[in-house]
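To start, the structure under review is shown below, and the notes come after it.
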Number of protein chains: 2
Amino acid sequence: MVSAPLTSVRSGAPTKERLRLWIRLLRASRLIEAVLRERLKARFDTTLPRFDVLSALDRAPEGMAMSDISSFLLVSNGNVTGIVERLVNDGMASRSKRDGDRRTSIVKLTPAGKEAFAAMAEAHERWVDELLAGLPEDEARALAATLKTFESNWEGEA
Amino acid sequence: MVSAPLTSVRSGAPTKERLRLWIRLLRASRLIEAVLRERLKARFDTTLPRFDVLSALDRAPEGMAMSDISSFLLVSNGNVTGIVERLVNDGMASRSKRDGDRRTSIVKLTPAGKEAFAAMAEAHERWVDELLAGLPEDEARALAATLKTFESNWEGEA
DNA sequence: GTATGAAATTTTAAGGTTGAAATATAGCAC
DNA sequence: GTGCTATATTTCAACCTTAAAATTTCATAC
């Protein structure tokens with residue numbers, strides 16, 4: 001191993017290094033998001049938030065409560081209300097009350113929603129694959145592992 | 001070197017690996033952004049987009065055109081119009097016309113804006129440092145390098 | 001069963017965001 | 001100088017987003 005630089009004896013990287021990392025992480029996310037948003041609009045006439053909600057619902061055949069959706073997607077409750085409303089209007093999702101608790105809405109994909117999402121998901125996966133094509137396998141793997149560690153460290157803390 | 005896995009002879013990681021990487025990148029960004037947004041609101045009564053614009057202006061003592069700001073921050077032109085307007089109303093920034101081209105607005109920080117930003121930037125840097133504290137220095141460095149490569153590969157392509 | 005408090009969701013106000021249309025200025029061909 | 005095209009910005013409609021207040025329903029203590 002290499003000896004620690006004189007400028008820092010505390011744990012981890014010096015401050016500037018972490019700030020730089022955060023800025024690059026943010027810029028990379030925004031670049032990718034911008035491309036995905038544009039293509040979802042152009043080819044499927046939809047938005048990234050709607051895609052995200054469809055994606056969450058697709059993993060839950062029995063449906064999800066509104067609050068499950070918002071916590072899974074890391075967005076606010078009120079936010080989900082509007083997006084789901086538009087998905088329901090578009091015939092992509094359905095809402096129903098859970099037996100025994102009239103507070104809870106259960107949101108599910110409709111057959112049309114499942115079908116539409118399948119097509120989007122296939123394209124989305126291809127686009128991401130293409131956008132990240134420049135990353136060598138080992139770097140991709142290392143990055144993913146680091147980010148996973150990061151996220152589990154922060155579970156529930158934000 | 002390790003021999004290539006049978007499932008992929010093409011460059012880089014297999015599809016699923018990249019998709020997973022993207023999802024983790026996005027979730028990490030959102031988690032960090034949520035914390036920063038909340039703290040900026042609580043301690044400085046401001047927002048992340050305003051902080052971003054102040055940050056861009058702070059690097060350009062001679063001021064920036066609206067379009068410079070939007071391309072630097074990777075957001076749309078119309079977006080910047082509104083944010084700058086609020087910053088001007090708050091006394092943080094000033095707008096003037098450039099000699100010889102009445103189309104171009106030059107936006108600068110006011111002394112109050114400079115001062116306010118200095119305090120925010122100091123806190124922001126501390127917060128980021130704290131949020132990323134779990135990352136060992138070598139991983140932070142490697143990650144930053146990977147992301148930098150990624151961004152330069154995509155210059156102007158989005 | 002009544003009050004009290006907790007839980008799930010919606011509503012509201014303010015702001016952020018985009019893409020496209022509109023406006024205004026500049027520069028150039030002629 | 002007139003007209004054409006490009007550039008810089010703003011405006012607009014639609015949507016996304018949050019935090020906080022309001023609403024509805026449930027659960028529990030009494």
Side-chain angles (χ1 to χ4, degrees), chain A residues 26 29-31 33-54 63-90 92-93 95-107 158, chain B residues 26 29-31 33-54 63-90 92-93 95-107 158:
Chain A
L26 187 57
S29 291
R30 286 189 183 170
L31 276 169
E33 263 193 288
V35 175
L36 295 177
R37 187 188 334 107
E38 181 200 340
R39 294 191 183 175
L40 279 174
K41 180 75 184 299
R43 308 210 189 160
F44 296 103
D45 192 31
T46 191
T47 66
L48 211 36
R50 272 146 145 108
F51 175 79
D52 289 342
V53 169
L54 292 177
M64 294 176 86
M66 298 297 281
S67 48
D68 292 338
I69 301 175
S70 59
S71 68
F72 178 71
L73 297 180
L74 307 174
V75 299
S76 69
N77 261 344
N79 188 359
V80 175
T81 298
I83 298 171
V84 167
E85 192 176 305
R86 283 167 221 123
L87 287 175
V88 170
N89 285 343
D90 291 351
M92 297 289 169
R95 257 194 291 207
S96 57
K97 288 298 177 184
R98 182 161 65 190
D99 292 353
D101 190 338
R102 266 185 297 252
R103 291 171 303 180
T104 307
S105 282
I106 297 296
V107 187
Chain B
L26 187 56
S29 292
R30 286 189 182 170
L31 277 169
E33 264 193 287
V35 175
L36 295 177
R37 189 187 335 105
E38 181 200 340
R39 295 190 183 176
L40 278 174
K41 181 74 183 297
R43 308 210 189 159
F44 296 104
D45 191 32
T46 192
T47 65
L48 211 35
R50 273 153 150 93
F51 176 78
D52 289 342
V53 169
L54 292 178
M64 294 176 85
M66 298 297 281
S67 48
D68 293 337
I69 300 176
S70 59
S71 68
F72 179 72
L73 296 180
L74 308 174
V75 298
S76 69
N77 262 344
N79 188 0
V80 175
T81 297
I83 298 171
V84 166
E85 192 176 305
R86 284 167 220 121
L87 287 175
V88 170
N89 285 344
D90 291 351
M92 297 290 169
R95 256 194 292 207
S96 57
K97 289 297 179 186
R98 181 161 65 190
D99 292 353
D101 190 337
R102 266 185 296 254
R103 291 171 304 181
T104 308
S105 283
I106 298 296
V107 187

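Proteins come first, then strands; the chains are lettered A, B, ... in the order of their sequence lines, and each starts at number 1. It should be emphasised that the depicted structure is a prediction, and the values quoted were computed from it without experimental measurement.
- Comparing B:Gly82 and A:Ile106 against DNA chain C, the residue whose closest nucleotide sits nearer the 5' end is A:Ile106.
- We find that NZ of B:Lys41 is positioned 12 Å from P of D:dT18, with the value rounded to whole Å.
- The phosphate of C:dT9 (OP1 or OP2) has a side-chain N or O of A:Ser67 nearer than 4.0 angstrom.
- Here the C1' atom of nucleotide D:dT24 and the CZ atom of A:Arg98 are 15 Å apart, to the nearest Å.
- Rounding to the nearest 0.5 Å places OG1 of A:Thr81 at 8.5 Å from CG of A:Asn79.
- Counting any heavy atom pair closer than 4.0 Å across all strands shown, B:Asn79 reaches a base atom.
- Across the protein-nucleic acid pair, B:Glu38 atom CD and D:dT18 atom C1' stand 11 Å apart, rounded to whole Å.
- At the heavy-atom level, A:Arg50 lies under 4.0 Å from the strands shown only through sugar-phosphate atoms.
- Of the charged side-chain nitrogens involved, at least one lies within less than 4.0 Å of a carboxylate oxygen, so that A:Arg30 and B:Asp52 count as a salt-bridged pair.
- No contact: B:Leu48 has no heavy atom under 4.0 Å from any strand.
- Side-chain atoms of B:Asp90 never come within 3.5 Å of backbone atoms of B:Leu87 as a donor-acceptor pair (strictly under, hydrogens ignored).
- Remark: P of C:dT17 and CD of B:Glu85 are 15 Å apart, rounded to the nearest angstrom.
- When distances are taken from the side chain of B:Thr104 to each of D:dT9, D:dC15, D:dT17, the shortest belongs to D:dT9.
- Looking at which nucleotide of DNA chain D each of B:Gly78 and A:Pro49 is closest to, the 5′-most match is held by B:Gly78.
- Contact annotation: A:Asn77 side-chain N/O to C:dT9 OP1/OP2 distance is not under 4.0 Å.
- Protein atom NZ of A:Lys97 is 12 Å distant from nucleotide atom P of C:dA8, rounded to whole Å.
- Nearer to the 5' terminus of DNA chain D, by closest-nucleotide assignment, is the contact made by A:Val80 (compared with the other of A:Val80 and A:Gly100).
- Atom pair B:Met66:CE and C:dT23:C1' shows a separation of 15 Å (rounding to whole Å applied).
- Across all strands, A:Leu74 comes closer than 4.0 Å only to sugar-phosphate atoms, never to a base (heavy-atom distances).
- Qualifying side-chain hydrogen bond (donor to acceptor under 3.5 Å, both in side chains) partners for B:Thr46, counting only residues two or more places apart in sequence or in other chains: none.
- Heavy atoms of A:Ser76 sit under 4.0 angstrom from at least one base atom.
- Dashed line: the shortest gap from a side-chain N or O of B:Arg102 to OP1 or OP2 of D:dA8 is not under 4.0 Å.
- Within the model, atoms OG of B:Ser105 and CD1 of B:Ile69 stand 9.5 Å from one another, a figure rounded to the nearest 0.5 Å.
- A:Glu33 has its side chain within reach of A:Leu48: a pair of non-hydrogen atoms, C-beta onward, lies under 4.5 Å apart.
- Between the P atom of D:dA19 and the CG atom of B:Leu40 lies a distance of 12 Å, rounded to the nearest Å.
- OP1 or OP2 of C:dT10 sits under 4.0 Å from a side-chain N or O of A:Arg95.
- As a whole-Å value, the separation of A:Asp68 CG from C:dT9 C1' is 13 Å.
- Between the side chain of A:Arg103 and the base of D:dT24, no donor-acceptor pair of N or O atoms lies under 3.5 Å.
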